[in-house]
Amino acid sequence: MRVRFAPSPTGALHIGGARTALYNWLLARGQGGVLVLRIEDTDRARSTEENVEQILDALRWLKLDWDEGPIFQSQRAARHAEALERLLADGRAYRSSATADDVRSYKERHGHDRGFRGQPEAAGAVRLRVPDHGETVVDDVIRGETRFPNASMDDPVIARADGSVLYNFAVAVDDLDAAITHVVRGDDHLSNTPKQLLVFEALGAGAPRYAHLPLLHGPDGRKLSKRHGASSVQELRAAGYLPEAVDNYIALLGAGFAADEELFSLSELAERFRLERVSRNPAVFDERKLRHVNGWWLRRLSLDDLVARLEQFTGRGGLQGAVEISAEKIQTLAEFWPLAGFVFDGPAEDRSAFERAICADGGVQALRDARDSLARAEPFTERMVEQALRGVVERRGGKPGAVFQPVRVALAGTTVSPGIFETVALLGREETLGRIDRALERAEGC
RNA sequence: GCCGCUAUCGUCUAGGGGACUAGGACGCCGCCCUCUCACGGCGGAAACCCGGGUUCGAAUCCCGGUAGCGGUACCA
């Protein structure tokens, strides 16, 4: 089995493209096949080197490696020209000066279900001759047979007058030369497939098998695009998602696994993936579920690994202690700093939290009691801190929160933080008492 | 317009003629755990697009309708 992933570098790698890449990878790795990476950069106006680098980078981040390539379509011009000449010589293609407008008016005259047929001319763009009768059948692994009546198909332009080739032609020639056995790509290519099949036929070659994946949609039900928020792999990465989670989640979108379990590593995914089981209906990308999957993977990382990733993500060092006490509370890397940044940068400025927890009845006194008790705790460990703070609660009576929340706000500035005992112990006696003192001073203005 | 594809809880899905009072997951609601927030546990609300067939029997098969989506380029 030889499969390929063939993105066009006209932008960043999108989630839909990433899933296509992933499914091809899963197929190759699960069945001992070969994955070929091909960059379809024949659209010179929109293809940039920067985009190529971005796509490669995204693929690497997702841990999707390839066996051959990247092959650049633009560098295969000689081979394309050769195949084109053959079609022209065989009369399977012809030159025509007909423009898009000519095609349109032809259809006005002959009916919209009648495909355009041109006359051979001495010069002009090259069109592939489509049979007038019969149908071209795509035997899709996922969808079964889809039939396209030849009569309704236009003779497609396969090369411009200057000889530069167009997508539907280049793809077929490249897939043929790379001996691709299975073309797995987005459903938006399904209507291109008969044209490519006709190219293979004109070339006298057998075609690969095709499998068209359902598209990924945004929450509005339309094809996923830039205006749907984080839609590229880079954006997901910047939003604090783990590659493990992104791979896992996008695999779920349409893979058709039995539903009793859905948290899988790349190798587990490759083991279970079956092309024939892929769903036929488009899936909506749901970031909330990605977040859940991400939290699951996050909690499965070793402390060292998580610290390394968070240090890389935040650009800060010395995070270990804070990570240790925050790990179980975050779902994404991005949630770490808002939760634990106060450890390094001091309490956050949150007037309303201060008023609710400290200015409110008993807050100041609770803080004073906590300060006294903490000043005497020895040694200053999580266990002793807990003992000290719980002692305060006992002596005062009432709910634990009446003591813990004022302390929390004094230290973190907000009403949400990692566990209070761990936090106090991590900050240490001096820092803790200092922050409580500053809160107490500030409380005079309540 | 034309050519296609698709149709199960809000979302992702299981289901491939009787095991369906339709299962799981995310989300949502309630309870428990609990120092906040998460995690975790328990419980709950929530779906077979409509209409015809076929069949003893249809979420499952067929046809039609409707809706959504994709394509319709000398883009990829």
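Computed from a predicted structure; not experimentally measured. Atoms considered below: every heavy atom in the structure, side chains included; atoms not considered: hydrogens, waters and symmetry mates.
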Worksheet item: What is the minimum heavy-atom distance between Thr415(A) and Ala353(A), and which atoms define it?
Response: CG2-CB, 3.9 Å
Worksheet entry | Residue pairs passing the salt bridge (charged side-chain N to carboxylate O under 4.0 Å, His left out) test where at least one lies in residues 321-342 of chain A, sequence neighbours excluded | Arg291(A)-Glu335(A)
Discussion item. Rounding to an integer number of angstrom, what distance separates rC49(B) and rG44(B) when you compare their C1' atoms?
Written reply: 26 Å
Worksheet item: Roughly how many Å is it from CZ in Phe148(A) to C1' in rC3(B), rounded to a whole number?
Response: 7 Å
Fill in: Residues that Arg19(A) engages under salt bridge (Lys or Arg N to Asp or Glu O under 4.0 Å), provided they are two or more places apart
none
Worksheet item: Roughly how far apart, to the nearest Å, are rA47(B) and rG52(B) at atom C1'?
Response: 23 Å
Worksheet item: Choosing from rG4(B), rU8(B), rG24(B), which nucleotide comes nearest the side chain of Asn281(A)?
Response: rU8(B)
Worksheet item: Now, which nucleotide makes the Watson-Crick or G-U wobble pair with rA67(B), with each of the two distances under 3.5 Å?
Response: rU6(B)
Discussion item. Suppose you measure atom P in rA22(B) against the same atom in rC48(B); what distance do you get, rounded to whole Å?
Written reply: 11 Å
Worksheet item: Using purine N1 to pyrimidine N3 plus N6-O4 or O6-N4 for Watson-Crick, or N1-O2 and O6-N3 for G-U wobble, both under 3.5 Å, which nucleotide pairs with rG17(B)?
Response: none
Discussion item. Would you say Arg280(A) places a side-chain N or O within less than 4.0 Å of OP1 or OP2 belonging to rU13(B)?
Written reply: no
Worksheet item: Are side-chain N/O atoms of Asp187(A) and His212(A) paired as donor and acceptor at under 3.5 Å?
Response: no
Discussion item. What is the distance, to the nearest angstrom, from the CG atom on Leu216(A) to the P atom on rG70(B)?
Written reply: 13 Å
Item to complete: Write down the distance between CD (Glu287(A)) and C1' (rG10(B)), rounded to a whole number of angstrom.
Response: 17 Å
Each nucleotide N or O in nucleotides 59-63 of chain B that has a protein N or O under 3.5 Å away: list the pair and distance.
none

Practice prompt. Considering only atom P, compute the distance from rA14(B) to rC69(B) and round it to an integer number of Å.
Written response: 22 Å
Item to complete: Spell out protein contact along nucleotides 30-40 of chain B as letters: B when the base is contacted, S when just the sugar-phosphate is, - when no protein heavy atom is under 4.0 Å; keep the 5' to 3' order.
Response: -----BBBBS-
Practice prompt. Round to a whole Å and report the spacing from CZ of Phe264(A) to P of rC12(B).
Written response: 18 Å
Item to complete: Please state how far atom CD1 in Ile142(A) lies from atom P in rC5(B), giving the value in whole angstrom units.
Response: 14 Å
Worksheet item: Does rU34(B) pair with anything, Watson-Crick or G-U wobble, both distances under 3.5 Å, and if so, with which nucleotide?
Response: none
Discussion item. What's the gap between rA59(B) and rG18(B) when it is taken at their P atoms, as a whole Å value?
Written reply: 11 Å
Discussion item. Restricting to side chain to side chain contact (heavy atoms under 4.5 Å, CB included), what partner residues turn up for Pro347(A), sequence neighbours left out?
Written reply: Arg435(A)
Discussion item. Say we look at rU13(B) and rG27(B): how far apart would their C1' atoms be, to the nearest angstrom?
Written reply: 14 Å
Worksheet item: Considering only the C1' atoms, how many Å lie between rG10(B) and rG16(B), rounded to the nearest integer?
Response: 26 Å
Fill in: For rA22(B), the Watson-Crick or wobble counterpart (both distances under 3.5 Å)
none
Worksheet item: Rounded to the Å, how far apart are Leu190(A) CG and rG70(B) P?
Response: 14 Å
Item to complete: Can you tell me the pairing partner of rC28(B) across any strand shown, Watson-Crick or G-U wobble, with both distances under 3.5 angstrom?
Response: rG44(B)
Discussion item. Please list all pairs meeting side-chain hydrogen bond (donor to acceptor under 3.5 Å, both in side chains) that have one or both residues in residues 119-129 of chain A, counting only residues at least two apart or in different chains.
Written reply: Ser97(A)-Glu121(A)
Fill in: Partners passing side chain to side chain contact (heavy atoms under 4.5 Å, CB included) against Val278(A) (at least two apart in sequence or in another chain)
Tyr23(A), Ile142(A), Leu213(A), Pro214(A), Phe273(A), Leu275(A)
Discussion item. So Pro149(A), base contact, sugar-phosphate only, or nothing? Heavy-atom distance under 4.0 Å.
Written reply: sugar-phosphate
Worksheet item: Can you pull the salt bridge (charged side-chain N to carboxylate O under 4.0 Å, His left out) pairs that have at least one residue in residues 395-422 of chain A, sequence neighbours excluded?
Response: Asp369(A)-Arg396(A)
Worksheet item: Can you check the Arg143(A) CZ to rG70(B) P distance for me, whole Å?
Response: 13 Å
Item to complete: Could you tell me which nucleotide pairs with rC61(B) by Watson-Crick or G-U wobble geometry, both distances under 3.5 Å, or answer none if nothing does?
Response: rG53(B)
Response to the item:
Under a 3.5 Å limit on both distances, the Watson-Crick or wobble mate of rG1(B) is rU72(B)
Worksheet item: Counting just side-chain N and O atoms, does Ser152(A) come under 4.0 Å of either OP1 or OP2 of rC2(B)?
Response: no
Item to complete: Whole angstrom is fine here: how far is it from CG in Leu215(A) over to P in rC12(B)?
Response: 13 Å
Worksheet entry | Contact state string [nucleotides 71-76 of chain B, B base, S sugar-phosphate only, - no protein heavy atom under 4.0 Å] | S--BBB
Practice prompt. Anything under 30° is parallel, anything over 60° is perpendicular, the rest tilted; go ahead and classify Tyr167(A) against His189(A).
Written response: tilted
Fill in: Whole-Å P distance, rC75(B) and rU66(B)
35 Å
Response to the item:
Taken in chain and number order and not counting sequence neighbours, the residues that satisfy salt bridge (Lys or Arg N to Asp or Glu O under 4.0 Å) with Arg86(A) are none
Discussion item. Checking Arg299(A) against Gln331(A): is there a side-chain donor and acceptor pair closer than 3.5 Å?
Written reply: yes
Item to complete: Scan residues 239-249 of chain A for pairs that pass salt bridge (charged side-chain N to carboxylate O under 4.0 Å, His left out), counting only residues two or more places apart or in two chains.
Response: Glu244(A)-Arg309(A)
Worksheet item: Under 3.5 Å, is there a donor-acceptor pair linking the side chains of Thr136(A) and Asn150(A)?
Response: yes
Discussion item. Checking Arg114(A) now: which residues fulfil salt bridge (Lys or Arg N to Asp or Glu O under 4.0 Å) with it, not counting sequence neighbours?
Written reply: none
